[in-house]
Protein chains: 2
Amino acid sequence: MSTSDIQGGYHHGDLKRALVEEALALLGEEGADGIGLRQLARRVGVSPAAPYRHFAGRQALLEAVAAEGFRRFAVLMDTARTGLPEDGQLVAMAQAYVQFALEQPSLFRLMFSRQVDKQGNVDLQAAAREAYASLATAAAREDEAAPAETAVITWSFVHGLAMLLLDDQILGVSPDNRDSLVRRLAGRFVAGIRAAVAHGV
Amino acid sequence: MSTSDIQGGYHHGDLKRALVEEALALLGEEGADGIGLRQLARRVGVSPAAPYRHFAGRQALLEAVAAEGFRRFAVLMDTARTGLPEDGQLVAMAQAYVQFALEQPSLFRLMFSRQVDKQGNVDLQAAAREAYASLATAAAREDEAAPAETAVITWSFVHGLAMLLLDDQILGVSPDNRDSLVRRLAGRFVAGIRAAVAHGV
DNA sequence: GCGCCGATGTTAACAGTGCTCACGGCAGAT
DNA sequence: ATCTGCCGTGAGCACTGTTAACATCGGCGC
């Protein structure tokens with residue numbers, strides 16, 4: 001009786017999970033602002049106060065959703081690189097990073113918004129770190145002299161690119177040429193790193 | 001009688017500006033979520049419905065605040081590069097970019113949040129573009145073969161770095177070593193571009 | 001089998017919010 | 001002096017997060 005059992009009764013069965021899932025579904029339709037505890041409770045079919053048995057408040061619920069988002073993000077990033085030669089992993093992961101951001105814009109925004117507090121939520125913090133781990137590792141491999149710095153630079157570039165695309169800030173980008181743009185930019189960026197490493201900066 | 005005149009009367013004088021300024025002040029204290037039209041009206045000393053004479057709604061008010069943020073951002077970026085040799089401008093602007101984000105975290109977040117819609121607000125869109133202009137120009141100068149791509153890559157890197165620092169996502173960063181870290185990373189990034197350009201990628 | 005009890009749900013209520021609408025007062029143009 | 005339009009007021013609606021007191025269920029000790 002652990003996950004989604006006989007939910008037809010006074011007790012729901014697995015309300016906590018149901019709330020998070022419903023919130024994720026709702027995030028696909030509207031932004032994080034439109035996601036409220038009462039609306040969520042209504043959708044799941046419980047009273048407005050029921051969620052408070054499982055979450056300290058709205059923020060706690062949002063943090064649980066964000067943590068789940070980071071877990072899915074981590075899986076996606078890891079899937080993107082498996083089976084590829086080492087010198088192609090970075091570009092592939094950059095594409096996956098951007099793809100996730102654009103396919104789940106509201107979730108991605110929530111994950112990096114101020115509505116969730118990574119300092120005060122260990123679970124969330126751990127999920128976030130894990131998501132970056134594979135990207136950082138691949139980036140660090142490019143530059144054995146200064147792995148940490150190269151990792152941060154790469155991560156910054158990819159994250160920023162995702163953000164700017166999400167904001168539709170880059171001119172002349174349409175859904176069709178977007179993938180190729182990301183591939184081109186990421187390739188160019190990686191080439192820059194390799195050139196710098198090769199010629200000793 | 002254009003700005004802040006005799007405000008002691010039935011009519012306020014320059015309520016629109018007063019609301020935006022109060023909102024900016026409030027942003028320094030709490031996040032954008034804590035900023036409400038009623039609270040704002042209360043602080044300024046008008047009735048709850050008064051703001052609706054100047055803004056279509058809460059979102060419009062937030063967009064005006066964000067636009068003002070972009071204008072200040074643009075000034076800061078431009079100030080940062082003036083008087084410097086061309087080959088040092090990029091790093092200086094990167095520092096200014098990050099500094100702005102860290103000094104006004106709530107405003108910066110608002111500027112790039114979904115709460116403001118850059119597509120549907122021409123004023124806001126223009127202010128945003130202007131803010132990036134000088135950074136993009138300086139970046140484009142580095143690579144005459146592919147100026148646009150290099151500009152986007154640089155912009156992505158700087159924006160991502162600011163975001164990650166804002167999120168306290170980068171390990172081992174404290175207020176004292178932060179500036180030097182940004183300078184080092186930005187310098188390294190620029191060196192990468194130059195190496196790639198010099199050796200033809 | 002029985003009663004208790006903690007976990008989990010419900011109902012009612014409070015304060016606060018965005019937003020709308022009908023109204024009222026001020027100021028400059030006619 | 002009157003008219004007109006801008007700008008602020010007040011009341012009210014529907015909604016939200018959150019809390020407190022109460023109800024119900026399932027499992028545990030007896």
Side-chain angles (χ1 to χ4, degrees), chain A residues 1-23 26-27 29-66 110 113-117 120, chain B residues 1-23 26-27 29-66 110 113-117 120:
Chain A
M1 62 179 69
S2 55
T3 64
S4 74
D5 233 59
I6 28 99
Q7 72 236 25
Y10 189 90
H11 286 76
H12 180 280
D14 197 354
L15 183 54
K16 186 164 185 169
R17 187 176 307 265
L19 285 169
V20 173
E21 273 173 20
E22 191 63 35
L26 216 71
L27 266 185
E29 300 167 21
E30 27 187 337
D33 293 356
I35 188 179
L37 285 185
R38 292 188 99 110
Q39 186 189 12
L40 230 47
R42 212 178 306 128
R43 282 207 177 208
V44 170
V46 296
S47 80
Y52 287 89
R53 296 287 160 208
H54 301 278
F55 298 100
R58 192 177 112 101
Q59 175 167 339
L61 184 276
L62 291 180
E63 285 175 0
V65 173
L110 173 66
S113 83
R114 191 189 158 160
Q115 307 206 31
V116 300
D117 176 21
Chain B
M1 62 175 70
S2 56
T3 64
S4 73
D5 233 56
I6 27 99
Q7 71 235 29
Y10 188 89
H11 287 74
H12 180 278
D14 198 354
L15 183 55
K16 185 164 185 171
R17 187 175 307 265
L19 285 169
V20 173
E21 273 174 21
E22 190 64 34
L26 216 70
L27 265 186
E29 300 166 22
E30 27 187 336
D33 292 357
I35 188 179
L37 284 185
R38 292 187 101 109
Q39 184 188 13
L40 230 45
R42 211 179 306 129
R43 282 208 179 207
V44 171
V46 296
S47 81
Y52 289 89
R53 294 287 161 208
H54 301 278
F55 299 100
R58 192 178 112 102
Q59 174 166 341
L61 184 276
L62 291 180
E63 284 175 1
V65 173
L110 173 65
S113 83
R114 192 192 158 155
Q115 309 207 28
V116 301
D117 175 23

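Hydrogens, waters and symmetry mates play no part in the numbers below; they use all other heavy atoms, side chains included. Note on naming: letters A, B, ... go to the chains in the order of the sequence lines (proteins, then strands), and numbering restarts at 1 for each one. Keep in mind that what you see is a predicted model, and the values were worked out from it rather than measured.
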What residues form a side chain to side chain contact (heavy atoms under 4.5 Å, CB included) with A:E22, not counting sequence neighbours? A:L40, A:R43, A:V44
Which atom of [X] lies closest to which atom of [Y], heavy atoms considered:
{"X": "B:V116", "Y": "B:A66", "value": "CG1-CB, 3.9 Å"}
{"X": "B:A50", "Y": "B:L15", "value": "CB-CD2, 3.9 Å"}
{"X": "A:A23", "Y": "A:V65", "value": "CB-CG2, 3.7 Å"}
{"X": "B:P48", "Y": "B:P51", "value": "O-CD, 3.5 Å"}

Could you list, one pair per line, each protein nitrogen or oxygen that sits under 3.5 Å from a nitrogen or oxygen of nucleotides 11-15 of chain C, together with the distance?
none

Output every pair passing side chain to side chain donor-acceptor pair (under 3.5 Å) with a member in residues 45-56 of chain B, not counting sequence neighbours, ordered by first then second residue. none
Has the side chain of A:R114 got a donor or acceptor atom that lies under 3.5 Å from a matching backbone atom of B:L110? no
Quick check on DNA chain C: between B:R42 and A:G45, whose nearest nucleotide comes earlier from the 5' end? A:G45
[X] [atom1] to [N] [atom2], straight-line distance once rounded to whole Å:
{"X": "A:L15", "N": "D:dC25", "atom1": "CG", "atom2": "P", "result": "17 Å"}
{"X": "A:D14", "N": "D:dC25", "atom1": "CG", "atom2": "P", "result": "19 Å"}
{"X": "B:L37", "N": "C:dT20", "atom1": "CG", "atom2": "P", "result": "11 Å"}
{"X": "B:R17", "N": "D:dC7", "atom1": "CZ", "atom2": "P", "result": "14 Å"}
{"X": "B:L19", "N": "D:dC7", "atom1": "CG", "atom2": "P", "result": "13 Å"}
{"X": "A:L40", "N": "C:dG9", "atom1": "CG", "atom2": "C1'", "result": "16 Å"}

Taking side chain to side chain donor-acceptor pair (under 3.5 Å) as the definition, give me every residue that meets it alongside B:D33, ordered by chain and number, with sequence neighbours left out. B:Q115
Check side chain to side chain donor-acceptor pair (under 3.5 Å) between A:Q59 and all other residues, then give those that pass, not counting sequence neighbours. A:E63
Specify the residues of residues 55-65 of chain B, ordered by number, for which at least one heavy atom lies under 4.0 angstrom from an atom of DNA chain D. none
So, is B:H54 close to the D:dG8 phosphate, meaning a side-chain N or O under 4.0 Å from OP1 or OP2? yes
Comparing A:G36 with A:R53, nearest DNA chain D nucleotide closer to 5' gives the residue A:G36
